[in-house]
Structures are given as structure tokens and as C-alpha cells.
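First the structure, in the form of C-alpha cells, and then the observations on it.
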Amino acid sequence: MATESQTTMLRELSAAGDRERTGALDVEWDGTRASLFFTFGQASHAELERADGRKLVGNDALSALVEELPADFRVAPWRRAKVADDTLRCTTEELMFLFRRDNTITAGNGAKPTATAKRKSKESRRAAGTPTDGVAGDPPQAVVEAAPFHLSGFPLLPLGKALFADQASRVEGLDRAVPHLPDCLIVLDASHARGAVLVAGASVADAVWVDGSVGLLGGDAAVAVFGAGVGSVAAHAIDDPRVVAAVPILWRAPRLWATVPGRSVAVDSLLAGVRSAGSSCALLAAGSDDPGVALFSEGELVAVYTESKPAPVTTKAALGRLLKAPGAQVTLLRTDADASAPLEIGGITFPLLVGDAAPGEELETTVAEAPAAPRVEATVAFADFVPTRVEVDIDALRAELISIAHVWLGKDDAAAVAAAINNARPGVDDFVAAIQEIASLDIPGHENAVMRAMAREMHFRAAEVLCGV
């Protein structure tokens with residue numbers, strides 16, 4: 001549920017876009033101050049200054065703001081300002097999405113490699129004395145590939161039997177040992193970076209490297225891992241070739257779809273849907289006390305593992321425990337899916353979050369919206385829906401949805417929303433239809449984007465309760 005600070009910020013962002021403002025929006029917390037600058041309603045620049053005097057600008061400042069902003073902060077009054085710098089290209093809808101969603105999906109997802117990334121890649125190649133075409137399938141002088149996440153979004157990896165007795169530090173010449181290794185994952189963990197190299201058939205099959213400013217894939221990532229010289233390194237055997245084929249999905253699949261409540265996923269239907277489609281994909285389950293991953297290869301479940309139990313298993317019971325854990329929110333990763341529409345698999349629909357991008361191009365964040373419904377008056381009633389009874393505490397759900405409206409709109413302005421919720425009959429379809437209508441209510445003083453964002457939060461919460469097990 002949005003806090004008062006978040007609601008205020010979203011209102012200001014929405015107003016900036018709808019009114020095509022030119023100026024700055026300032027936020028402060030714990031000695032940190034950040035400013036977003038707009039030119040005719042488009043975000044053009046960002047600055048962030050921490051309590052110790054360190055400063056960030058542009059994408060770095062925006063990423064830090066999204067990742068570090070606490071639930072409660074101070075939003076300063078809108079101020080008139082102009083800056084010559086043009087370091088961002090974000091719409092207000094994109095910014096609203098960033099500040100309402102999981103910070104592992106940020107404006108930098110899929111961004112093309114920066115000059116810093118390319119420079120560091122060349123430096124690591126020289127340090128390791130190795131060309132980047134050592135990865136199977138990479139052409140000579142391959143284009144630098146960027147990882148679709150930041151350091152905070154580095155995925156959990158399946159960690160089987162350790163090949164080393166202990167984790168080693170500053171392993172020298174590990175790349176020369178690759179021809180003598182079984183199929184495995186070489187994992188690097190450092191204070192400022194993480195990486196992994198997938199070894200299959202006595203050669204490097206793929207790799208990923210992420211630090212504070214660079215995210216690399218393929219040959220450049222392998223060189224960065226082998227030439228890191230810091231942190232701890234471990235190698236974990238992979239006994240199943242199907243896992244070898246599925247693991248790169250974790251770092252190559254763009255983050256395209258929103259999370260859905262894990263409790264709403266029917267395990268049998270999901271397994272049947274993935275099998276029927278012959279899909280190779282990954283399910284990321286976050287938000288619970290023990291987050292984890294499920295990997296599928298050509299329709300078959302090949303690995304289920306969690307943060308506390310990283311050794312992969314393949315049982316349906318393990319998948320069920322992962323998805324049904326309290327608080328679990330599940331998202332889907334696929335490298336072969338159509339990025340132009342929401343994805344449905346096994347009866348579960350994953351709402352589209354971002355558009356696609358060609359390799360090496362910037363991936364722009366866009367919130368997927370259905371075609372705008374006709375505007376309706378705030379006095380509309382929802383008494384004509386056919387009831388579909390469910391065994392849940394409907395009164396408690398109504399109260400919770402109304403409390404969401406109070407946070408977004410204030411108690412007085414939320415009266416029309418409360419009436420719509422109270423008029424909805426106790427069924428899944430009825431509540432969904434009511435929330436869709438709420439998204440199109442025209443309530444004076446509240447922007448359309450705010451109404452849609454509020455309705456989206458209601459929809460997710462109603463789905464959790466009505467489809468829970």
C-alpha cells in the first residue's frame with residue numbers, strides 16, 4: 001500500500017506530465033536530497049546528493065533514488081528551474097511506474113552499455129590477456145551485451161555440489177582450468193560486484209557480470225569474472241544438461257512482466273501449460289522469507305531452489321512450497337516470448353511492464369495499459385453483476401480496498417470509490433469489473449494516471465484474497 005509520501009510524489013509526477021510542467025521536484029530523507037528536472041512534462045535530468053556530500057547525476061542519480069528511497073520522505077513544493085543538462089529521457093508515466101514497482105526493475109534495465117562499461121571491458125580483457133570470442137557462439141569482436149538488471153537485481157543461481165573444498169579468494173588462472181572442469185557454475189561474489197560463468201562441455205557457454213556501473217553478458221562478462229582479482233569464487237557442479245540449457249534465462253531474459261501473487265498460481269495448471277507450450281522459462285518468486293526460482297527447459301520442470309536451499313530439486317511439492325509461501329510474488333522470465341502483449345501460460349496472465357528492444361539498444365520502460373475506457377460519472381453503480389460466491393471474508397476485503405482509496409485520494413474524495421466497492425457483489429468477476437470501472441472514474445482534483453495506479457494496487461490485492469488458498 002502506498003504511503004502518504006509516495007502518494008504525494010505520484011500526484012506531483014502525474015501533474016508534471018498532464019500539465020507539461022517545466023521545473024523541478026525535490027525529495028529529501030535522512031540527509032539525502034534528490035531532484036528530478038522536467039522540461040515540458042518530460043524528465044530531462046536528475047541529481048542526488050548524499051549526506052556525506054557525494055553527488056550523482058543522470059541515470060546514476062535516478063537509479064539510486066529508485067533503489068534507496070524509503071517509504072517515508074519529504075516532498076518539497078514544486079519549484080521553477082531549468083537545467084542545461086539533458087541526461088534523462090523518461091515520461092512521467094515511466095517515473096510513476098518506477099516508484100510504484102519493485103526496484104529490481106528500474107530505468108536502467110536493458111540500457112545500452114555506457115562508455116564506462118566498454119572501457120572496463122577492454123581493461124579487463126587486457127588484464128586477463130584473453131579475447132572476448134572465447135564463449136561458444138560469440139563471433140569475433142562481438143558487440144558488448146548488457147545485462148537487463150542492476151547489481152541489486154542479480155538473480156539467485158542454482159548451486160549444486162561444490163567443486164572446491166572452500167570458497168577461494170583471488171583465484172588466478174581460473175580461465176585456464178575451464179577445459180578441465182565438468183559442467184558447472186563458477187560464481188564470483190564481491191562487495192561491489194557479482195558474476196557467474198557457465199561451463200559446459202569443457203568450455204565457457206555463457207556468463208554474466210554486474211557491478212555498480214556495468215552489466216555485461218557473454219564473453220566480456222567471462223573476462224570480467226576471471227580478471228576480477230577480488231571477492232570470493234566458488235564452482236558448483238551441474239549434473240543435469242537441461243539445467244545447463246535453462247540457467248542463462250536468468251540473466252538473458254528481459255524483465256518484461258509484472259509479478260502476480262504466488263497464491264493465485266494453480267501449480268497443476270501451470271505445469272500443464274508450460275508442458276503444452278514446450279516452454280523454456282524461469283519463475284522468480286520474491287517477497288517471501290525464502291525467495292527462490294523454478295527453471296523449466298522445453299516444457300519440463302528441471303530445477304526448484306531457494307535462497308536457504310540453493311541445491312536444485314525437481315518435485316512438484318517443492319514448486320508448490322515456493323509459489324504458496326506467504327508474501328510470494330511471482331514473475332516470469334522468457335527469452336523467446338512476444339514482448340508486445342501480456343503473456344498467458346498455464347492459466348496465469350503476467351501483465352506487460354516494458355517494451356522490447358534490439359540488442360544493445362536502450363530498453364524503454366512503459367506501463368502497459370488497456371485501451372482507455374469511456375469516462376464515467378462518479379455516481380455510477382455496480383449492482384448488475386452476476387454473483388459468484390467465494391469463501392473469503394468479503395467485508396474485510398471491502399474494508400481493505402476502501403482503505404487503499406483513502407490513502408490515494410483522501411477519505412472525502414474516496415466516497416465514490418467506496419460506494420462502488422460496497423456495491424460489488426461477492427465474486428471474483430464482480431470485483432474485477434468494479435475495479436476496472438473505478439480506474440475510469442472522473443474525480444475532481446485527481447489525475448487519470450493516479451486513478452489507474454490506485455486501481456492497479458486494488459486489483460493485485462483483490463486477486464491475492466479472492467484467489468488465495
Side-chain angles (χ1 to χ4, degrees), residues 60 63-64 66-68 102-106 108-111 113-114 116-117 120-121 123-125 127-128 132 135 144-160 162-164 166-172 174-175 178 184-199 204-238 243 246-255 282 284-286 290-293 295 303 305-312 331 333:
D60 290 338
S63 296
V66 171
E67 293 175 2
E68 299 174 16
D102 186 345
N103 292 341
T104 63
I105 305 174
T106 67
N109 284 358
T114 61
T116 304
K120 287 193 174 184
S121 176
E123 290 172 352
S124 64
R125 273 198 299 272
T132 60
V135 174
V144 176
E145 297 177 277
F149 46 79
H150 292 300
L151 184 59
S152 61
F154 196 91
L156 289 174
L157 300 174
L159 305 179
L163 299 182
F164 304 150
D166 298 296
Q167 284 190 331
S169 297
R170 300 178 61 87
V171 175
E172 300 292 343
L174 187 56
D175 54 332
V178 167
C184 65
L185 266 177
I186 299 172
V187 181
L188 171 80
D189 190 0
S191 61
H192 68 287
R194 295 199 66 188
V197 177
L198 178 64
V199 176
V204 174
D206 206 350
V208 59
W209 163 274
V210 182
D211 65 14
S213 59
V214 182
L216 301 173
L217 299 175
D220 293 286
V223 170
V225 172
F226 289 140
V230 295
S232 61
V233 177
H236 298 268
I238 301 179
V243 176
V247 162
I249 295 171
L250 296 173
W251 57 72
R252 286 199 170 268
R255 275 51 178 166
L284 308 185
D290 193 18
V293 175
L295 289 176
Y305 56 95
T306 67
E307 189 173 59
S308 67
K309 298 178 179 178
T331 193
L333 300 183

Output all residues satisfying side-chain contact (heavy atoms from CB on, under 4.5 Å) with Val293, sequence neighbours left out; order by chain, then residue number.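 side-chain contact (heavy atoms from CB on, under 4.5 Å) list for Val293, sorted by chain: Leu156, Leu250, Leu284, Leu295, Tyr305.
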Nearest heavy-atom pair of [X] and [Y]: which atoms, and what distance?
X	Y	result
His150	Val210	C-CG1, 3.6 Å
Val187	Arg194	CG1-NH2, 4.5 Å
Trp209	Ala221	N-CB, 3.6 Å
Ala253	Pro148	O-CG, 3.6 Å
Leu157	Ala196	CD1-CB, 3.7 Å
Pro254	Leu333	O-CD2, 4.2 Å

Measure the CG-OG1 distance between Asp290 and Thr306 for me, rounded to the nearest 0.5 Å.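 The OG1 atom of Thr306 is 3.5 Å from CG of Asp290, to the nearest 0.5 Å.
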When rounded to the nearest 0.5 angstrom, what is the spacing between CD1 in Ile238 and CG in Leu185?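 Going from the CD1 atom of Ile238 to the CG atom of Leu185 covers 4.0 Å.
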Pair Phe154-Asp189, side chain to side chain contact (heavy atoms under 4.5 Å, CB included): steps then yes or no: CA-CA 11 Å; Phe154 196 91; Asp189 190 0; over 6 Å; no
Heavy-atom side-chain contact between Arg255 and Thr331 under 4.5 Å: no
